[in-house]
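Here the structure comes first, spelled out in structure tokens, and everything after it is commentary.
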There are 2 protein chains.
Amino acid sequence: MQGASRIRLDEIDIRLLSVLQREGRISKTDLADRINLSVSACFERMQKLEQAKLIQSYHAVVNPAIFGNLQMFHAHIILKTHRAVDFGMFENYVRQISMITECYALGGGVDYSIKVFASTVSQYQRLIDDMLDANLGVDRYFTYIVTKVIKVRDLTVTELQDIRRDGDNDLLAG
Amino acid sequence: MQGASRIRLDEIDIRLLSVLQREGRISKTDLADRINLSVSACFERMQKLEQAKLIQSYHAVVNPAIFGNLQMFHAHIILKTHRAVDFGMFENYVRQISMITECYALGGGVDYSIKVFASTVSQYQRLIDDMLDANLGVDRYFTYIVTKVIKVRDLTVTELQDIRRDGDNDLLAG
DNA sequence: GGTGAAATTACGATGGC
DNA sequence: GCCATCGTAATTTCACC
């Protein structure tokens with residue numbers, strides 16, 4: 001964590017963050033009401049949280065099916081060689097492909113996991129073929145087509161707090 | 001897609017969505033400036049897009065390291081039996097576990113992929129052990145610890161448009 | 001660090017093009 | 001479908017506690 005941790009968060013800050021996480025465009029007046037604070041006090045806290053980058057950004061969520069539904073794919077990827085330069089090349093490649101929305105390096109036998117969005121299976125396969133043709137040293141890949149989305153969400157601040165508390169207990173007990 | 005597709009989107013709508021996707025808390029006045037529209041015209045379009053649920057929600061992104069960094073895990077899960085009731089039980093279980101932030105049903109040999117956040121490996125393992133103890137009919141599971149996040153982003157409206165266009169070309173050519 | 005009131009600016013409805 | 005106006009409401013500053 002960067003300079004972010006320099007701020008002490010009290011209950012009010014947590015509630016402020018919780019509300020903004022769920023209602024990113026709520027007016028400051030309504031927000032102040034919600035957390036039982038005067039508008040100006042609320043405003044100052046909000047500014048402080050933004051400046052400290054504890055609030056990183058605000059976004060509208062646009063219906064992803066706006067131009068028709070897309071198919072989601074997961075893939076696991078294993079490289080031929082495992083030097084820093086090999087990883088670097090692969091990572092730079094995926095960063096520039098917009099259809100690849102997520103990429104993680106994994107511990108164990110698989111090097112990378114990627115999430116891909118495409119209109120069709122053949123469009124996805126074209127992306128994979130292009131990747132294989134790009135001399136990135138991909139040894140093997142495994143495609144997992146997503147047949148159903150059961151759950152997708154971000155952790156709320158309350159959940160972050162709960163997980164951390166529970167994890168700390170774990171250390172004491174273990 | 002629901003009733004959402006009943007609206008024809010022009011260039012101005014796309015730009016409006018693009019701006020709000022990146023700057024979810026921009027004032028309507030600034031938004032209007034940005035897309036070269038009067039405030040009232042901009043306001044009307046924005047309302048229309050919200051009512052049509054093309055804009056689904058607004059959110060503040062809170063620094064997830066606010067209480068210290070969490071470790072991310074991916075897991076693949078295979079059930080013993082594959083009746084609708086087996087899938088239903090598993091899916092209801094993961095829906096109520098907040099540390100599991102994503103869950104997808106996959107085609108092929110693996111039934112489910114989940115994304116889990118935990119403070120420590122042992123906290124993660126406790127979640128898995130609890131899952132195994134819950135009589136969900138889990139046959140096997142594979143844990144993939146995330147060692148590095150290369151990329152995480154949502155698709156922009158422009159990218160959604162591009163993917164769709166490219167996918168349509170694909171159908172014509174193939 | 002919190003409040004309340006004042007000046008500035010944004011919002012959202014309405015009527016006209 | 002876009003623009004201009006206008007009363008109302010929200011925003012942001014500031015002096016004070």
Side-chain angles (χ1 to χ4, degrees), chain A residues 1-63 66-67 157-158 160-161, chain B residues 1-63 65-68 157-158 160-161:
Chain A
M1 193 135 102
Q2 323 80 300
S5 60
R6 291 283 73 85
I7 286 193
R8 244 193 303 283
L9 297 174
D10 60 16
E11 283 307 315
I12 299 173
D13 290 314
I14 302 294
R15 272 190 294 149
L16 194 157
L17 292 171
S18 296
V19 173
L20 280 175
Q21 216 173 26
R22 278 176 303 193
E23 296 167 63
R25 242 187 119 81
I26 191 174
S27 78
K28 294 185 177 65
T29 339
D30 289 352
L31 179 58
D33 279 356
R34 201 75 81 72
I35 62 178
N36 301 314
L37 220 60
S38 76
V39 177
S40 34
C42 175
F43 174 64
E44 283 170 5
R45 278 172 182 265
M46 195 173 155
Q47 267 199 144
K48 211 157 279 181
L49 291 168
E50 287 172 355
Q51 280 160 15
K53 298 285 178 201
L54 291 182
I55 298 173
Q56 298 180 318
S57 53
Y58 297 93
H59 301 284
V61 176
V62 175
N63 186 337
I66 186 169
F67 301 117
V157 287
T158 315
L160 284 167
Q161 210 173 16
Chain B
M1 193 137 97
Q2 322 80 302
S5 59
R6 293 279 74 83
I7 286 192
R8 245 194 301 283
L9 297 173
D10 60 15
E11 283 307 314
I12 298 174
D13 290 315
I14 302 294
R15 272 190 294 149
L16 194 156
L17 291 171
S18 297
V19 173
L20 280 175
Q21 216 173 25
R22 278 176 305 193
E23 294 167 63
R25 240 187 121 81
I26 191 173
S27 77
K28 294 185 176 64
T29 330
D30 289 351
L31 178 59
D33 278 356
R34 201 73 81 73
I35 62 178
N36 300 314
L37 221 59
S38 77
V39 177
S40 35
C42 174
F43 172 65
E44 284 168 5
R45 280 172 181 265
M46 194 172 154
Q47 266 200 145
K48 211 158 280 181
L49 291 168
E50 287 173 355
Q51 280 160 15
K53 299 283 179 201
L54 292 182
I55 298 173
Q56 298 180 318
S57 52
Y58 297 93
H59 301 284
V61 175
V62 174
N63 186 339
I66 185 170
F67 301 117
V157 287
T158 315
L160 284 167
Q161 209 174 17

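Below, chains carry the letters A, B, ... as their sequence lines are ordered, and counting in each starts from 1. What you see below is based on every heavy atom in this structure, not just the backbone, and it leaves out hydrogens, waters and symmetry mates.
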*Give the minimum heavy-atom separation between Glu50(B) and Tyr58(B), together with the two atoms involved.*
OE2-OH, 2.6 Å

*Rounded to whole angstroms, how far apart are CE on Met46(A) and C1' on dT12(D)?*
12 Å

*Nearest-Å distance, CG (Leu16(B)) to C1' (dG1(D))?*
14 Å

*asked:* Before you tell me yes or no, could you show the steps for Glu23(A) and Leu31(A) under side chain to side chain contact (heavy atoms under 4.5 Å, CB included), namely the whole-Å CA-CA distance, both residues' side-chain angles and the distance that decides it to 0.1 Å?
replied: CA-CA 9 Å; Glu23(A) 296 167 63; Leu31(A) 179 58; over 6 Å; no

*Considering only heavy atoms, which members of residues 17-42 of chain B lie under 4.0 Å from some atom of DNA chain D?*
Leu37(B), Ser38(B), Ser40(B), Ala41(B)

*Interatomic distance where CD belongs to Gln47(A) and P belongs to dC14(D) [whole Å]*: 12 Å

*Only one of Leu9(A), Ile55(A), Leu49(A) forms a side-chain contact (heavy atoms from CB on, under 4.5 Å) with Ile66(B), so which one is it?*
Leu9(A)

*Value rounded to 0.5 Å, distance of CD1 in Ile35(B) from CG in Leu17(B)*: 9.5 Å

_Expressed as a whole number of angstroms, how long is the span from Ile12(A):CD1 to dG1(C):P?_
12 Å

_Sub-4.5 Å side-chain heavy-atom contact between Leu20(A) and Ile26(A)_ = yes

*Represent DNA chain D in dot-bracket notation, 5' to 3'. Only Watson-Crick or G-U wobble pairs with both distances under 3.5 Å count; pseudoknot-style crossings use [ ] and interstrand partners use |.*
|||||||||||||||.|

*Taking the side chain as C-beta and beyond, is there a heavy-atom pair between Glu44(A) and Leu37(A) under 4.5 Å?*
no

_I'd like to check Lys48(B) versus Asp13(B) (side-chain heavy atoms, cut-off strictly below 4.5 Å). Are they in contact?_
no

_Side chain proximity check, Gln21(B) to Thr158(B), heavy atoms < 4.5 angstrom_ = no

*Let me know the distance between CZ of Phe43(A) and C1' of dT12(D), rounded to the nearest Å.*
5 Å

